[in-house]
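One structure below.
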Amino acid sequence: ASAHHLWPEIDRVTMEQMHYARMSVEDSGGVWQLFAEEGEMKMYRREEEVGGMVIDPLRACHVVKGVTGHEVCEYFFNPQYRLEWEATVETTTVLEKIADDILLFLQVHKRIWPASQRDAVFWSHMRHVPDDKDQDGPPIWVVVNNSVDIPDLPANTGKCVRLLLTVCLMCQTFIDPPKDGAKVTRNDLTCKITYCSVVNPGGWAPPAVLRAVYKREYPKFLKRFTNYVIDQCQDKPILF
Ligand SMILES: CCCCCc1ccc(-c2ccc(S(=O)(=O)CCO)cc2)cc1[C@H]1C[C@H]1c1ccccn1
């Protein structure tokens with residue numbers, strides 16, 4: 001992957017997003033506005049506009065029992081599962097396999113009335129790093145999706161408005177050691193998920209419409225995805 005012309009950007013943005021996601025876990029106060037809460041899932045946003053367009057950064061924290069961060073990131077990254085949990089995606093295409101853990105996607109999203117349909121071109125990178133808070137514990141797994149301009153697919157030529165996104169799904173895994181050295185089972189697993197996203201909708205959309213869509217779609221999206229992973233993993237061996 002290091003030979004690919006996008007590698008320097010992919011490496012830099014991935015580390016930046018991981019740092020941002022980890023910092024945001026701490027700063028639960030201040031600027032973030034809690035806008036949705038369902039059980040263990042808490043969703044925050046900041047109201048920001050660029051050029052009159054809503055690009056509210058979003059941060060979600062969720063705690064899921066019975067899966068590892070590796071499993072959550074695998075089901076998020078791997079295109080073969082995408083349409084099973086992504087309800088707002090019409091088509092997803094891998095344009096290039098940059099490496100085993102780096103894919104270039106073209107994604108066409110379902111039209112959300114009254115706005116025009118969106119598409120997105122982004123690289124997706126899955127990576128794990130040691131958890132510096134628990135060196136000999138499970139590593140932190142992360143998937144970063146980041147929009148990229150590719151000449152072969154110029155924006156806004158077809159029916160879709162090209163949206164820009166930067167997304168980071170970061171997962172920390174906690175294992176409650178079972179009594180007297182018994183085998184670790186899924187009941188001993190807890191996965192702490194931090195999902196950060198900034199979506200620039202591309203063309204103009206009424207701020208009130210966008211914020212209503214975000215408020216409705218993001219909680220649904222994260223709940224559906226995490227329930228899908230729990231369901232897929234429950235009768236499979238644990239992937240640490
Ligand atoms: C007028 C609406 C314009 C923007 C609509 C839109 C498009 C894509 C996305 C989006 C794009 C990527 C990701 S992901 O996490 O990288 C996974 C890969 O699919 C996630 C969400 C978001 C939204 C915003 C609605 C909001 C919304 C939120 C969760 C689901 C659907 N829609």
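Note that the numbering runs from 1 along the sequence shown for the chain.
- Side-chain contact check for Ile140 versus Arg22: some heavy-atom pair is nearer than 4.5 Å.
- Taking each heavy atom of Gln135 and Pro130 in turn, the nearest pair found is OE1-CB, 3.8 Å.
- Atoms CZ and CD, on Arg224 and Glu84 in that order, are 9.5 Å from each other to the nearest 0.5 Å.
- In this structure a side-chain-to-backbone donor-acceptor pair under 3.5 Å is present from Lys236 to Gln232.
- Closest of all the heavy-atom pairs between Glu38 and Lys223 is OE1-NZ, 2.7 Å.
- A perpendicular orientation is assigned to the rings of Tyr228 and Tyr75, their planes being inclined by more than 60° (bins at 30° and 60°).
- Around CG of Asp149, the count of heavy atoms belonging to other residues, nucleotides or ligands within 6.0 Å does not exceed 12.
- Note on Phe225: it does not cluster hydrophobically with Met170, by side-chain heavy-atom contacts below 4.5 Å among ILVMFWY residues.
- Looking at heavy atoms from C-beta onward, Ile102 lies in side-chain contact with Trp7 at the 4.5 angstrom threshold.
- Linking ILVMFWY side-chain heavy atoms closer than 4.5 Å, directly or via other members, places Met18 and Val198 in two distinct hydrophobic clusters.
- Nearest heavy-atom pair, Leu165 versus Ser147, reported as atom, atom and distance to 0.1 Å: N-OG, 2.7 Å.
- Atom CG of Asn200 and atom CD of Glu48 lie 11.5 Å apart (nearest 0.5 Å).
- Judged purely by distance below 3.5 Å, without hydrogens or angles, the side chains of Thr14 and Glu16 never pair a donor atom with an acceptor atom.
- With a 4.5 Å cut-off on side-chain heavy atoms, Glu86 and His109 count as touching.
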Set out, in order, the CA-CA distance, both residues' side-chain angles and the distance that settles side-chain contact (heavy atoms from CB on, under 4.5 Å) for Phe122 and Val148, then state yes or no.
CA-CA 5 Å; Phe122 58 92; Val148 66; 5.6 Å; no

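- Residue Phe240 holds its CZ atom at 5.0 Å from CD1 of Ile175, rounded to the nearest 0.5 Å.
- If you look at Phe221 and Tyr195, their ring centroids are closer than 6.0 Å.
- Between Asn156 and Val161, some side-chain heavy-atom pair lies under the 4.5 Å cut-off.
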Verdict with supporting geometry, Leu95 and Leu153, side-chain contact (heavy atoms from CB on, under 4.5 Å)
CA-CA 10 Å; Leu95 298 172; Leu153 269 172; 3.5 Å; yes

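- Grouping the Ile, Leu, Val, Met, Phe, Trp and Tyr side chains by contacts below 4.5 angstrom, directly or via other members, places Leu189 apart from Val67.
- Two residues are said to be in side-chain contact when any heavy atoms from C-beta on lie closer than 4.5 Å; Cys168 and Val142 meet this criterion.
- Cation-pi check for Arg46 over Trp32 is met; the charged atom lies under 6.0 angstrom from the ring centroid and within 45 degrees of its normal.
- Ion pair Lys215/Asp56 not flagged as a salt bridge, since none of the NZ, NE, NH1 or NH2 atoms sits closer than 4.0 Å to an Asp/Glu carboxylate oxygen.
- The structure places CE of Met43 at 9.5 Å from SG of Cys61, a figure rounded to the nearest 0.5 Å.
- Looking at Arg211 and Glu47, a side-chain N of the basic residue comes within less than 4.0 Å of a carboxylate O on the acidic one, giving a salt bridge.
- Arg118 contributes a side-chain N or O that, together with a main-chain N or O of Pro201, makes up a donor-acceptor pair within less than 3.5 Å.
- Cys191 and Thr68 make their closest contact through SG-C, 4.1 Å (heavy atoms, listed as atom of the first residue, atom of the second, distance).
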Step by step, would you call Thr226 with Trp85 a side-chain contact (heavy atoms from CB on, under 4.5 Å)?
CA-CA 9 Å; Thr226 49; Trp85 55 266; over 6 Å; no

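- Contact of the Thr185 side chain with the Pro178 side chain is not registered, since no non-hydrogen atoms from C-beta on lie closer than 4.5 Å.
- Distance check: Glu217 CD to Leu58 CG gives 12.5 Å after rounding to the nearest 0.5 Å.
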Show, in sequence, the C-alpha distance, side-chain angles and deciding distance for Ile98 and Leu103, and conclude whether the side-chain contact (heavy atoms from CB on, under 4.5 Å) test is met.
CA-CA 6 Å; Ile98 297 173; Leu103 299 174; over 6 Å; no

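- The residues Lys42 and Glu37 are annotated as salt-bridged, a charged nitrogen and a carboxylate oxygen being separated by less than 4.0 angstrom.
- Stacking of Arg45 on the aromatic ring of Tyr218 is not recorded, the 6.0 Å distance cut-off and the 45° axial limit not both being met.
- For the pair Val89 and Phe105, the minimum side-chain heavy-atom distance is 4.5 Å or more.
- Ser124 approaches Phe77 most closely through the heavy-atom pair O-CE1, 3.2 Å.
- Hydrophobic clustering of Ile, Leu, Val, Met, Phe, Trp and Tyr side chains at less than 4.5 Å, counting indirect connections, keeps Ile55 apart from Leu163.
- Results of the side chain to side chain donor-acceptor pair (under 3.5 Å) test with Gln107 over Asn145, Thr92, Asp119 single out Thr92 as the only residue that passes.
- Using a cutoff of 4.0 Å between basic side-chain nitrogens and carboxylate oxygens, Arg186 and Glu71 are scored as salt-bridged.
- By the criterion of side-chain heavy atoms lying less than 4.5 angstrom apart, applied directly or through intervening Ile, Leu, Val, Met, Phe, Trp or Tyr residues, Leu106 is not grouped with Val94; the two fall into different hydrophobic clusters.
- Within the 4.5 Å cutoff, side-chain heavy atoms of Val144 are placed close to those of Val13.
- With values rounded to the nearest 0.5 angstrom, Asp188 atom CG is found 10.0 Å from Lys183 atom NZ.
- In terms of heavy-atom proximity, Arg82 sits nearest to Phe76 at NH2-O, 2.9 Å.
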